[in-house]
A.B. asks: 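For reference, the structure I am asking about is given below.
Quick note on labels: first sequence line is chain A, next is B, and so on, each numbered from 1.
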Number of protein chains: 2
Amino acid sequence: LPKTIEWVNGRVRMINQLLLPYKLEYIETDDPFRVAEAIKRMEIRGAPAIGVAAAFGMALAALKVQERSLKETLNVLERTAEMFKETRPTAVNLFWAVNRMMAVARSATSLEELVKSMISEAEKIALEDEKANRRIGELGSRLLSDGDTVVTICNAGSLATTYYGTATAPIYVAKEKRINVRVIAMETRPYLQGSRLTAFELKLAGIPVSVITDNQIGVIMEKEKVDIVFVGADRVVGDGHVINKIGTYPLALVAKEHGVPFYVAAPTSTIDLEHDIEQIVIERRPSSEAAELFGRRLCPEGVDYIYYAFDITPPRLVTGIITERGIAYPPYPKSLKELV
Amino acid sequence: LPKTIEWVNGRVRMINQLLLPYKLEYIETDDPFRVAEAIKRMEIRGAPAIGVAAAFGMALAALKVQERSLKETLNVLERTAEMFKETRPTAVNLFWAVNRMMAVARSATSLEELVKSMISEAEKIALEDEKANRRIGELGSRLLSDGDTVVTICNAGSLATTYYGTATAPIYVAKEKRINVRVIAMETRPYLQGSRLTAFELKLAGIPVSVITDNQIGVIMEKEKVDIVFVGADRVVGDGHVINKIGTYPLALVAKEHGVPFYVAAPTSTIDLEHDIEQIVIERRPSSEAAELFGRRLCPEGVDYIYYAFDITPPRLVTGIITERGIAYPPYPKSLKELV
């Protein structure tokens, strides 16, 4: 599998995911605004990858403004940080990564140190992501047996992270251990991350994968043998509420109904102990993003699509939350606090 | 609203629904094989409309073979009946309408009588459908209050029937009574009957309608005020199991979870007292029908879509079944038997 996002000689290089599965093309830039644009346009997406992109974007900003004084530079960086935080309001990793970059910036005693330490911090964030996913993969792979069928939604795959992915990591690690599983990927309208991205990367990795339309989650529990569900998370609240791609909540409900274990794979950076579920804003995106596909309108002119990009899965539907520090089981207020 | 299917001077005239919402175009034919083809290709769809189409198709067949002897004609019609029954295996109305046409054919004592009675029987089936829907609309409209929000799936609309629709009939009748409701239509992948057809006909009728991707059924129960769900049915088994368009079962599950009443609107011709749910075959359609849209592939080459066209909603998730003879409430084995 190719790396999703990398720092290459003072530039950020990332796969343009809007072109998959037709073309594997990269965006390479030294412009932090271009990185912010990529996050907004969803050329790069997936909570961990967005965090890494914002960290690299902050490092690019530091490189750009290094001729000014330390104080001036910090002022500019503060504004850049705000810009990055506004690109996708739901992704907690984004805030976490940007705040971490700003903490490093503030502790620098010279411009030279600031630039150097911000680049190294961004690279550290990327490497930590990869390592966390590898660990999630090891823990999660123990839940899998040879011949299992796994259902997943959206792309919490390698493409959503620096490498390995979150929901896919157990599958990749299982394959290394010669535990062969089959995956059913929900297509995940409107962006079709499941059919475009998850199917793309799993096929590339030699893992058998089928796609379903999102409305087949019920019938496949009856007609196909489903052993386990793995999903990612954009944010996990301290009490165990999971904010993830639209469709996760109905999937969890159906899984519960059929006694199929439902696991969330998420690095601890996704866990938000500071907010209650009531405080979380569910991102609404423009109607046209759902109403149009390949430049064609799916509904009559004058009719709008409602487009909530995420939904909320209540803790009682979640079997476990796999983090790089261990698997949290209910009651989540206790288990998540212990892990973080 | 235009009629979906009509008998016009020895020909069948029906809207080509694959072209909606872009073009309102008709298929007009005197060829029973063309009618069967239209059912197979889903140019005409919706359980009641399919039944009417097959009835008209049988009448066309009778017109075609009238020069032979009565016995020979019946033999040909038996084969034509089999052909129609094979076009869509899940639609019980299809079997019901074809069997009814054959019963009329068998009781004819002359060729002339056979042709005349089959045409008149087919027209009767169409008229009965319209009347049944009108009655379903009257009963269902009593469940609606001004300002309500209704969720529906697929197109159990006027376009799925001769006129009025089943799930939409209560909405149309409510509008006549100045009870104004708002509809949220699930887009219903892969054919997008919700966004293409339901949104089209409701907008044409002046009813406010928004579309959602199928995976938003969970979040809208939280974020939008939803008062009631109306769905159609391809088949209702005697114990209350509802076979309907893929996605109905997860919708029913979410509705139950949120205490939203879930009603099935279906004429008694859809009720099947002869089979158990275990005997029902859920139609699987070709992978390409889900994997391609507007001639473009949604997933990488070499990856298949699973495509079950229907799912099964268990009786305990169904608040009531609205038929033209009254609303059936649980326990269904008793209430459905009484109605039929």
A.B. asks: If we define contacts as heavy-atom pairs under 4.5 Å, which of A291(B), A185(B), S210(B) has the most with chain A?
C.D. replies: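 Greatest number of close heavy-atom pairs with chain A: S210(B).
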A.B. asks: Identify which one of I153(A), I246(A), L251(A), I217(A) satisfies the side chain to side chain contact (heavy atoms under 4.5 Å, CB included) criterion when paired with N215(B).
C.D. replies: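 Only match with N215(B) under side chain to side chain contact (heavy atoms under 4.5 Å, CB included): I246(A).
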A.B. asks: Knowing that exactly one of T213(B), V211(B), I184(B) qualifies, which makes a side chain to side chain contact (heavy atoms under 4.5 Å, CB included) with I306(A)?
C.D. replies: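 For I306(A), the side chain to side chain contact (heavy atoms under 4.5 Å, CB included) check succeeds only for I184(B).
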A.B. asks: Is L298(B) close to chain A through its backbone or its side chain, or both, or neither, when contacts mean heavy atoms under 4.5 Å?
C.D. replies: both
A.B. asks: For the residue pair R296(B) and Y22(A), would you count it as a cation-pi contact if the rule is NZ or CZ under 6.0 angstrom from the ring centre and within 45 degrees of the ring axis?
C.D. replies: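 Yes.
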A.B. asks: Given E187(B) and Y305(A), is the side chain to side chain donor-acceptor pair (under 3.5 Å) satisfied, shown in steps?
C.D. replies: CA-CA 9 Å; E187(B) 65 175 7; Y305(A) 263 70; 2.6 Å; yes
A.B. asks: Has K40(A) got more than 12 heavy atoms of other residues, nucleotides or ligands less than 6.0 Å from its NZ?
C.D. replies: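 For K40(A), atom NZ is not crowded (no more than 12 foreign heavy atoms under 6.0 Å).
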A.B. asks: What closest approach, in Å, do V219(A) and F310(B) show between heavy atoms, and which atom pair accounts for it?
C.D. replies: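 Looking at all heavy atoms of both residues, the closest pair is CG2-O, 3.5 Å.
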A.B. asks: Taking only heavy atoms into account, what residues of residues 278-289 of chain A are found under 4.5 Å from chain B?
C.D. replies: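 Within residues 278-289 of chain A, the residues that come under 4.5 Å of chain B (heavy atoms only) are I282(A), R284(A).
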A.B. asks: Output the distance between atom CG (L20(A)) and atom SG (C299(B)), rounded to the nearest 0.5 Å.
C.D. replies: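 It comes to 13.0 Å.
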A.B. asks: Between Q216(B) and Y307(A), what is the shortest heavy-atom contact and its length?
C.D. replies: OE1-CA, 3.5 Å
A.B. asks: Under 3.5 Å, is there a donor-acceptor pair between the E224(A) and Y308(B) side chains?
C.D. replies: yes
A.B. asks: Supply the atom-to-atom distance D214(B) CG to T188(A) OG1, rounded to the nearest 0.5 angstrom.
C.D. replies: 11.5 Å
A.B. asks: Would a distance-only check, ignoring hydrogens and angles, find a side-chain to backbone donor-acceptor pair under 3.5 Å from E257(B) to L253(A)?
C.D. replies: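 The answer is no, because no donor-acceptor pair under 3.5 Å joins these two groups.
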A.B. asks: Using every non-hydrogen atom in the two residues, find where A199(B) and P300(A) come nearest and quote the distance to one decimal.
C.D. replies: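 Heavy atoms of A199(B) and P300(A) come nearest at CB-CD, 3.7 Å.
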A.B. asks: Top residue by heavy-atom pair count (under 4.5 Å) with chain B, among L202(A), V303(A), D311(A)?
C.D. replies: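 When all of L202(A), V303(A), D311(A) are compared, V303(A) has the most.
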A.B. asks: With a 4.5 Å cut-off on heavy-atom pairs, point out which of G247(A), G194(A), A290(A) contacts chain B the most.
C.D. replies: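 Between G247(A), G194(A), A290(A), the count favours G247(A).
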A.B. asks: Return the minimal non-hydrogen interatomic distance between E301(B) and K203(A), and the atom names on each side.
C.D. replies: O-CE, 3.1 Å
A.B. asks: Looking only at heavy atoms, which two atoms of P250(B) and V254(A) are closest? And how far apart?
C.D. replies: CB-CG2, 4.3 Å
A.B. asks: Looking only at heavy atoms and a cut-off of under 4.5 Å, which of H258(B), E222(B), K245(B), M186(B) has the most pairs with chain A?
C.D. replies: H258(B)
A.B. asks: CG/D304(A) to CD1/I212(B) distance, rounded to the nearest 0.5 angstrom?
C.D. replies: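 Rounded to the nearest 0.5 Å, the CG-CD1 separation comes to 13.5 Å.
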